[in-house]
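Note that this is a predicted model, so its numbers are computed, not measured. Just so it is clear: chains get the letters A, B, ... in the order the sequence lines come, proteins before strands, and each one is counted from 1.
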Number of protein chains: 2
Amino acid sequence: MKHDRPKISDVARLAGVSTATVSRALSAPERVSEETRAAVQQAVEATGYRLNLAARNLRHRRTGGIVALVPNLANPFFSQILSGIASVLGPAGYNLLIADTRTADAQTLLDYAEPSRADGLIILDGTLPATALQGRVPVVEACEWVPGLPAPRVKIDNRAAAGLAIGHLADLGHRRIGHVAGPRGNVLTEARLSGTAEALAARGLPFPEEHLYPGDFSLDSGREAARIWLDQPAATRPTALFLASDAMACGFIGEVQRHGLRVPGDLSVVGFDDIELVAHISPPLTTIRQPRTEIGRAAAERMLACLKGETREADTVLPVELILRASTGPAPA
Amino acid sequence: MKHDRPKISDVARLAGVSTATVSRALSAPERVSEETRAAVQQAVEATGYRLNLAARNLRHRRTGGIVALVPNLANPFFSQILSGIASVLGPAGYNLLIADTRTADAQTLLDYAEPSRADGLIILDGTLPATALQGRVPVVEACEWVPGLPAPRVKIDNRAAAGLAIGHLADLGHRRIGHVAGPRGNVLTEARLSGTAEALAARGLPFPEEHLYPGDFSLDSGREAARIWLDQPAATRPTALFLASDAMACGFIGEVQRHGLRVPGDLSVVGFDDIELVAHISPPLTTIRQPRTEIGRAAAERMLACLKGETREADTVLPVELILRASTGPAPA
DNA sequence: ACCGATTATGTAATCGGTTACATAAACGAT
DNA sequence: ATCGTTTATGTAACCGATTACATAATCGGT
């Protein structure tokens with residue numbers, strides 16, 4: 001009985017060749033003779049031999065793994081991006097490690113940037129310290145990005161996306177349009193906020209301070225924003241809102257409906273992300289679609305290119321789309 | 001200039017000791033003298049030495065990684081479980097590899113069960129082939145499970161959960177209660193379905209074939225079930241439905257609302273999972289809460305216990321809870 | 001029949017740590 | 001002063017593959 005796992009030398013002995021030949025037979029079959037190949041093949045099957053990856057990786061000075069650093073694994077938005085990443089990395093022979101940047105401490109995250117732990121890093125969190133990630137393994141940033149970190153980025157045009165949303169609401173006749181922003185300091189928040197401000201200005205529409213509501217992308221913060229809005233005088237508060245995330249839009253809509261107001265009769269709402277569920281809530285949400293799976297795919301492909309030594313500087317910018325549903329309507333008379 | 005990464009022998013030379021001493025100074029400080037420890041520490045800092053994990057793992061015959069096999073990474077339900085897993089594994093010094101069982105082919109999945117790739121396997125997909133996963137690395141099953149695979153399981157009492165849902169609807173006076181099931185063959189589907197049938201029988205309520213609607217947990221399948229329900233004669237179709245997932249419940253409700261019917265006025269609905277969004281849709285969904293983060297945590301802890309050699313046979317069964325919201329009401333008169 | 005080129009295979013170093021075992025020094029007890 | 005014990009450190013084998021280099025065999029050409 002063989003209690004231990006067979007190693008390459010066991011196969012070699014059984015096949016009557018050297019370990020070097022076995023190694024070649026397995027990883028470069030064209031370099032050994034027909035008969036040897038068959039003998040090795042047979043010995044592999046007889047012993048049930050399976051390659052030890054740790055050994056190969058040590059020799060090759062690579063790990064075969066890519067780490068994704070996610071701000072919040074529980075957030076469906078990110079999981080869909082991860083899904084895109086996984087769909088590219090898997091077939092390419094890499095495996096995907098995932099670390100939640102909230103639950104892991106700084107030292108652990110630093111360790112992930114070690115070449116002996118991962119061959120590359122895909123960053124989905126713009127709040128990480130740039131310096132700590134410098135000069136270790138190749139880095140690709142997706143969605144969010146760390147200002148000052150020179151790495152290929154895969155993103156969407158957040159500014160233009162805000163323009164789409166505001167344009168749509170303005171076209172419906174809304175004159176008082178508000179915005180619920182993401183967390184302060186987040187690069188996406190800033191891009192969407194300034195895009196909103198620009199688009200409103202370009203149309204000569206006002207954007208007073210009290211029409212900008214704080215948020216943090218979460219459902220609860222959307223509900224909180226709704227409470228503020230509900231407390232404002234109906235005559236001056238916005239008749240339409242553009243929110244920086246679908247989650248916030250859901251919270252917002254839920255809260256105003258609870259107070260007996262109707263969407264879009266009393267208030268039009270545009271979200272951001274187009275997460276799956278919002279097509280099925282009532283009313284179905286008008287929103288900006290981010291191609292999440294595609295973002296993940298593109299980031300993974302970018303990473304693979306880096307690992308092959310290709311260095312393309314330019315960012316990958318993926319298109320967004322305004323999805324028209326039933327949460328927006330003409331401004332009340 | 002040091003182009004190469006420093007290795008342990010570089011540190012040893014600089015500190016004037018052997019590599020063995022350096023190794024001990026770093027991983028078992030109490031086994032070296034005070035002075036040596038300081039000298040090594042200094043040499044480590046001077047060289048910028050960082051441990052090569054591949055080398056250590058080869059020697060230790062472990063990988064430091066746990067693989068989670070997920071049926072669908074894009075599904076928020078699973079991402080929250082993963083989040084729970086990550087929160088336990090990270091602090092314990094393990095990293096989390098994730099593979100999507102849909103995008104990966106069979107051979108790749110088999111590779112994940114290799115001891116040289118991962119120290120353990122957490123399975124969230126009950127449709128995997130049991131035999132392929134046997135006898136390689138420790139396995140823990142969470143949520144779903146593979147019939148016939150002898151491994152510790154972390155799950156909820158699906159049968160009892162169905163009883164809670166049916167009991168609630170029956171208490172509201174509903175006499176015709178239907179069920180939208182998950183995909184055929186899924187262990188969860190079967191447990192929830194038989195729990196439903198039992199609970200109905202226990203109350204003397206009928207459960208004719210046409211009150212059982214096929215589904216596959218997805219939003220679309222919920223909408224499809226709604227279409228079937230809408231086509232049935234109002235006098236005999238169910239006045240209340242228990243659906244095996246929240247996603248299906250959303251699809252179902254969205255569709256019946258689109259046809260002008262009211263929830264819960266015309267129809268009461270109970271979902272399953274309590275995903276975050278359903279508290280904010282309209283009407284807020286009455287549902288069975290699964291403690292997802294907790295399931296992930298428990299599975300990870302179970303895995304750590306396995307790796308320490310503890311073998312506890314019994315399954316971990318976590319409690320579910322009926323969350324009362326506004327999608328259920330008294331049966332129409 | 002001889003020689004350079006090609007092909008197939010073996011030998012042994014290497015990747016970068018860990019650790020069993022050996023050795024030497026220091027210590028306490030008789 | 002002697003001996004057993006403990007403590008600190010070094011030597012070298014080992015984890016399990018890959019691969020540069022060496023060697024032997026085969027082949028085609030003259």
Side-chain angles (χ1 to χ4, degrees), chain A residues 2-41 43-44 47-65 93 111 114-119 136, chain B residues 2-41 43-44 47-65 93 111 114-119 136:
Chain A
K2 42 183 182 320
H3 178 243
D4 280 343
R5 299 178 63 76
K7 39 162 83 176
I8 201 169
S9 58
D10 297 325
V11 177
R13 193 174 329 110
L14 190 61
V17 297
S18 73
T19 62
T21 300
V22 174
S23 178
R24 281 186 288 253
L26 294 177
S27 53
E30 75 284 358
R31 305 213 9 165
V32 302
S33 73
E34 185 73 44
E35 319 137 73
T36 309
R37 201 182 313 156
V40 169
Q41 188 53 42
V44 164
T47 53
Y49 169 76
R50 310 228 73 208
L51 175 65
N52 181 315
L53 286 168
R56 165 188 282 186
N57 288 343
L58 173 57
R59 181 68 227 236
H60 280 168
R61 295 145 153 267
R62 58 156 246 161
T63 71
D111 277 349
E114 278 298 303
S116 70
R117 188 175 273 241
D119 297 335
R136 297 166 164 286
Chain B
K2 39 183 182 324
H3 177 244
D4 280 342
R5 299 177 64 75
K7 38 161 86 176
I8 201 169
S9 58
D10 298 324
V11 177
R13 194 175 328 112
L14 189 61
V17 297
S18 73
T19 62
T21 301
V22 174
S23 179
R24 281 187 287 252
L26 294 177
S27 54
E30 75 285 358
R31 307 214 10 176
V32 301
S33 73
E34 184 75 44
E35 318 138 74
T36 309
R37 199 182 314 156
V40 168
Q41 187 55 41
V44 164
T47 53
Y49 169 75
R50 311 227 73 210
L51 175 64
N52 182 315
L53 286 168
R56 165 188 283 184
N57 288 343
L58 172 58
R59 180 67 225 232
H60 281 170
R61 296 144 152 266
R62 59 156 243 161
T63 70
D111 277 349
E114 277 299 302
S116 70
R117 189 175 273 242
D119 298 335
R136 296 167 164 284

> NA contact type, Ser18(B), heavy-atom cut-off 4.0 Å: base, sugar-phosphate, or nothing?
Replying inline: base

Protein heavy-atom contacts under 4.0 Å, written 5' to 3' over nucleotides 16-24 of chain C as B (base), S (sugar-phosphate only) or - (none), form the string BBBBB----

Please tabulate, one pair per line, all N/O donor-acceptor pairs under 3.5 Å involving side-chain atoms of residues 10-26 of chain A, not counting sequence neighbours.
from	atom 1	to	atom 2	distance (Å)
Asp10(A)	OD1	Arg13(A)	NH2	3.2
Asp10(A)	OD2	Lys7(A)	N	2.9
Ser18(A)	OG	Ala20(A)	N	3.4
Ser18(A)	OG	Thr21(A)	N	3.4
Ser18(A)	OG	Thr21(A)	OG1	3.3

Name all residues meeting the side chain to side chain donor-acceptor pair (under 3.5 Å) criterion together with [X]; count only those two or more places apart in sequence or in a different chain, and write none if there are none.
X         : value
Ser27(B)  : none
Ser33(B)  : Thr36(B)
Ser116(A) : none
Arg50(A)  : Asp111(B), Glu114(B)

Here the side chain to side chain donor-acceptor pair (under 3.5 Å) pairs for residues 51-65 of chain A, sequence neighbours left out, are Thr63(A)-Asp119(A)

Axis-to-axis angle across the helix from dA1(C)-dT30(D) to dT30(C)-dA1(D), five pairs each end, nearest 10 degrees, ~ 40°

CZ (Arg37(A)) and CD (Glu30(A)) are apart, to the nearest 0.5 Å, by 8.0 Å

Here the distance between atom P of dT9(C) and atom CD of Glu30(A), to the nearest Å, is 13 Å

Between CZ of Arg13(A) and C1' of dG16(D) the distance, given in whole Å, is 14 Å

